[in-house]
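In this chain, residues are counted from 1 in sequence order. Start at 1 and go down the list; that is how both ligands and their atoms are numbered.
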Amino acid sequence: MKHAAVLTMKYRKDKNMQGYKKYLKEILIDEKKLKARIAELGKEVSTDYRDSENLLLICILRGAFIFLSDLSRAITVPHAMDFMAISSYGAGNRSSSGAVRITMDLTENICGKDVLIVEDIIDSGNTLSNVLDMLSTRKPNSLHICTLLDKFERREVDVPIRYTGFRIPDKFVFGYGLDLDEIYRNLPFIGVVDLEKYDG
Ligand code: IMP
Ligand code: MG
């Protein structure tokens, strides 16, 4: 695994943002499908939380920030937002081990609030399982998960997911918030990385 900073330098020369095409095996979910599904999720959340007076969306940085911004605008009930960043110990970039660490904590006190965690992708389930444990000790009124992507075949720890955008096969994906060595998060689709060409 090369150091991400070195690869970031490489991509910096990619002036017209087309370098990812070399590593793109297929577009798994295009912009239109993402938009349509997120509109549905927004409706579901708005219905379920119509009586809540303190809905708080918690965005798990960095991957979920684009999903959060589109989901939030598809939600028609009042809500606050807060952000936290998590890093997992060990095991390279493509899987997470058991333990996680908060690298940037929330600014809000979540006690008594209806918390909805917004995540980009659930893989083994280790990250979110730990986040749920940590946040539940802070006594929210309710605590649920909304994930854009669910790589269900890879699950090691059971995590209760209330809202899922798409269940996807066991493929390494990027775009729409998910990075290829920190670049290309702004692509409007979810693409599959061609691991035969990509040695990141
Ligand atoms: P888990 O703890 O194994 O569920 O891993 C969740 C985290 O792994 C996500 O928040 C992502 O940061 C990362 N991850 C898992 N699969 C992918 C992928 O296909 N593309 C990019 N990041 C991924
Ligand atoms: Mg990531």
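Of the possible donor and acceptor atoms, none in the side chain of Asp30 sits under 3.5 Å from a partner among the backbone N and O of Phe189.
For ligand 1, the atoms sitting less than 4.0 Å from at least one non-hydrogen atom of Thr127 are 1 (P), 2 (O), 5 (O), 6 (C), numbered in the order shown with element in parentheses. If you number the atoms of ligand 1 from 1 as listed, the ones under 4.0 Å from a heavy atom of Asp120 come out as 9 (C), 10 (O). The ligand atoms of ligand 1 that sit less than 4.0 angstrom from a heavy atom of Lys151 are 16 (N), 17 (C), 18 (C), 19 (O). Heavy-atom contacts of Leu178 reach the following atoms of ligand 1: 20 (N), 21 (C), 22 (N) (cutoff under 4.0 Å). The contact set between ligand 1 and Lys171, taken as ligand atoms under 4.0 Å from a residue heavy atom, comprises 19 (O).
Rounding to the nearest 0.5 Å places NZ of Lys22 at 10.5 Å from NZ of Lys197.
Using a 4.0 angstrom heavy-atom cutoff, Phe174 does not count as in contact with ligand 1. Residue contacts with ligand 1 do not include Arg155, since none of its heavy atoms lies under 4.0 Å from the ligand. Heavy-atom separations between Gly63 and ligand 1 are all 4.0 Å or longer.
A salt bridge is defined here as a Lys NZ or Arg NE, NH1 or NH2 lying under 4.0 Å from an Asp or Glu carboxylate O, and Glu182 with Arg62 meets this definition. Salt-bridge check for Arg37 with Glu40: passed, with a basic side-chain N closer than 4.0 Å to an acidic carboxylate O.
Counting heavy atoms closer than 4.0 Å to ligand 1, residue Glu156 contributes nothing at all.
Residues Pro169 and Lys151 are not in side-chain contact: their nearest non-hydrogen atoms beyond the backbone lie 4.5 Å or more apart. Put simply, the side chain of Thr147 does not reach to within 4.5 Å of the side chain of Tyr163, judged on heavy atoms.
Between atom 4 (O) of ligand 1 and the options Ile121, Val173, Asp123, the minimum heavy-atom separation is to Asp123.
Pairs of residues two or more places apart, or lying in two chains, that qualify as side-chain hydrogen bond (donor to acceptor under 3.5 Å, both in side chains) and include a residue from residues 166-175 are Glu26-Lys171.
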